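Remember, predicted model here, so these are calculated numbers, not experimental data. Chain identifiers are assigned alphabetically (A, B, ...) following the order of the sequence lines, protein sequences preceding nucleic acid strands; residue numbering begins at 1 within each chain.
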Number of protein chains: 2
Amino acid sequence: MTTARTSLPEAARHLSLRERKKLKTRIAIRNATYELIEEQGYDATTVEQIADRAEVSPSTVFRYFPTKEDIVLTDEYDPLAVDLLRSRPADESLLDSLRSIIRQSMTMAMTDDPSFVEREMKLRLRLMTEVPAVRSRVMESMSLTGRLLCRAVAERTGRDENDLEVRVYTMGLMGALLEASIYWTEHDYQGDLLDLIDRTLATFKDLPKR
Amino acid sequence: MTTARTSLPEAARHLSLRERKKLKTRIAIRNATYELIEEQGYDATTVEQIADRAEVSPSTVFRYFPTKEDIVLTDEYDPLAVDLLRSRPADESLLDSLRSIIRQSMTMAMTDDPSFVEREMKLRLRLMTEVPAVRSRVMESMSLTGRLLCRAVAERTGRDENDLEVRVYTMGLMGALLEASIYWTEHDYQGDLLDLIDRTLATFKDLPKR
DNA sequence: CCATCTTTTGAGAGCTACTCTCATTTCATG
DNA sequence: CATGAAATGAGAGTAGCTCTCAAAAGATGG
């Protein structure tokens with residue numbers, strides 16, 4: 001049957017055969033999707049085509065990803081960012097912490113796998129600005145990430161995570177940061193994204209601790 | 001055939017018969033939708049049912065509203081808000097202006113048609129927090145309104161409407177305000193929404209003029 | 001009032017994302 | 001190798017949405 005569709009990262013060596021296969025199909029589906037989108041565009045790409053190229057059935061595609069948009073967008077980095085935020089010194093201001101962890105995770109990704117940043121991240125951003133369905137999904141996931149971030153923000157400021165101020169401030173930040181990346185994409189990725197993010201954060205007050 | 005499905009506001013007297021009929025079907029579709037949603041919920045309500053109750057064909061429904069979510073959400077008030085902002089004194093700070101016009105338009109709507117605010121607005125807010133598809137659509141339209149608002153913000157601050165700062169600041173505001181209404185809805189509309197909005201705006205810097 | 005032209009509508013076919021069910025295959029385990 | 005559990009495929013079904021084309025309804029000029 002289908003073997004060696006993809007090669008796995010070293011980190012996956014200790015997984016059971018089942019788990020490894022699952023990971024493989026997951027990656028195969030995502031790669032197939034990226035390929036097809038680059039060839040034909042997002043809308044012209046059907047789930048059936050994706051399934052064909054990934055050598056699985058359409059049912060399987062939906063078993064791995066709830067929606068077509070999720071194939072493109074699913075990432076597992078958000079909780080990581082929250083952990084990073086938690087590990088910053090407590091006397092640092094919230095905005096400074098954010099600046100640091102964004103810078104940190106971006107340079108991390110950049111040195112770890114530069115082609116990923118160039119190819120995948122920019123494709124995502126492009127789809128986000130161009131395809132309404134994808135953008136909606138991004139915003140949807142933004143409000144989920146926002147909830148996570150709320151907890152971290154609450155910790156740092158000694159407030160409750162359900163405080164109006166915490167929630168409103170956090171979602172304001174997320175909206176602004178999202179807009180910054182849209183701006184960057186619309187301007188053909190000119191200039192340093194990190195600079196734009198600095199300028200973005202500079203338009204915010206610090207949320208006072210209490 | 002179908003006559004007198006709905007009564008029209010006085011403002012529509014001078015329209016041609018054709019225009020008046022169009023308006024009627026539009027309103028009929030929306031009312032049918034609201035009714036069905038209150039009876040069965042959003043997802044359980046199909047476009048076919050909506051068409052049946054509004055006494056039109058499904059094709060017609062889609063001719064009037066591009067998507068099912070739009071039936072619930074379409075409003076034509078956003079440009080009005082931008083005009084209001086434009087009419088505020090130039091020496092007033094941006095945040096103060098926003099506070100004023102939000103207060104103004106809400107009390108206007110409240111005195112004009114209180115049942116609308118109670119019924120329709122709260123239904124919308126509830127759908128927005130509960131139905132993912134609707135929320136996405138709201139966010140989508142938020143970024144459109146954001147563009148409008150950018151122009152007004154740019155005018156007031158003597159910046160360009162495509163400035164990173166303008167765009168980022170504006171979208172931050174919109175995200176925060178949206179979150180405030182979600183907060184209000186989740187807390188069963190307790191307390192004064194206007195107070196929540198004041199507290200929301202208080203978490204923002206003023207965007208300096210240049 | 002009638003004829004003609006234009007706009008709006010309805011009927012229906014078609015596409016695709018997404019769900020569910022059930023039988024079959026593939027891996028894990030004693 | 002046998003038995004149980006998990007993953008897959010095949011297929012049918014739903015609903016949102018698009019498109020086409022012919023019929024109905026409103027506008028207009030004589």
S.K.: For A:E19 and for B:Y42, locate the closest nucleotide of DNA chain D by heavy-atom distance; then report the residue assigned to the nucleotide nearer the 5' terminus.
M.R.: A:E19
S.K.: Side-chain N or O of B:S57 versus OP1/OP2 of C:dA11: is the shortest distance under 4.0 Å?
M.R.: no
S.K.: When rounded to the nearest 0.5 angstrom, what is the spacing between CD in A:E140 and CG in A:D70?
M.R.: 10.0 Å
S.K.: Would you say that B:R156 contacts B:R88 through its side chain, given a criterion of any heavy-atom pair below 4.5 Å between the two side chains?
M.R.: yes
S.K.: Assign each of B:P58 and A:P58 to its nearest nucleotide of DNA chain C by heavy atoms, then name whichever residue's nucleotide is nearer the 5' end.
M.R.: B:P58
S.K.: Measure the distance from CD on B:E55 to P on C:dT8 and round it to the nearest whole Å.
M.R.: 20 Å
S.K.: To the nearest Å, give me how far apart NZ (B:K24) and P (C:dT9) are.
M.R.: 13 Å
S.K.: Looking at the side chain of B:V47, which of D:dG16, D:dT20, D:dT8 is the nearest nucleotide?
M.R.: D:dG16
S.K.: Using the closest heavy atom to pick a nucleotide of DNA chain C for each, name whichever of A:S59 or A:E48 lands nearer the 5' end.
M.R.: A:E48
S.K.: Would you call B:K122 and B:E118 a salt bridge, taking side-chain N to carboxylate O under 4.0 Å as the test?
M.R.: yes
S.K.: Output the rounded distance in Å from CZ (A:R137) to P (C:dC18).
M.R.: 10 Å
S.K.: Roughly how many Å is it from CZ in A:F65 to C1' in C:dT19, rounded to a whole number?
M.R.: 18 Å
S.K.: Roughly how many Å is it from NZ in B:K68 to C1' in C:dC18, rounded to a whole number?
M.R.: 14 Å
S.K.: Could you tell me whether the phosphate oxygens of D:dA25, OP1 or OP2, come under 4.0 Å of any side-chain nitrogen or oxygen in B:K21?
M.R.: no
S.K.: Of the candidate nucleotides C:dT9, D:dC17, C:dA17, which contains the atom at the shortest distance from the side chain of B:F62?
M.R.: D:dC17
S.K.: Can you check the B:L36 CG to D:dG16 P distance for me, whole Å?
M.R.: 12 Å
S.K.: Around atom CD of A:E186, are there more than 12 heavy atoms of other residues, nucleotides or ligands at under 6.0 Å?
M.R.: yes
S.K.: Side chain of B:R18, base of C:dT6: donor and acceptor closer than 3.5 Å?
M.R.: yes
S.K.: Distance check needed: D:dT8 P versus A:D52 CG, whole Å only.
M.R.: 16 Å
S.K.: Please give, in whole Å, the distance from D:dA6 C1' to A:L15 CG?
M.R.: 16 Å
S.K.: Under a plain distance cut-off of 3.5 Å, with no hydrogens placed, do B:S100 and B:S97 share a side-chain donor-acceptor pair?
M.R.: no
S.K.: Students often get this wrong, so: under 4.0 angstrom with heavy atoms, is B:Y64 touching a base, only sugar-phosphate, or nothing?
M.R.: sugar-phosphate
S.K.: Is there a donor and acceptor pair, one atom on the side chain of B:R63 and one on the base of C:dG10, closer than 3.5 Å?
M.R.: yes
S.K.: Select one nucleotide: of C:dC27, D:dA27, C:dT8, the one nearest the side-chain heavy atoms of A:L17.
M.R.: C:dC27
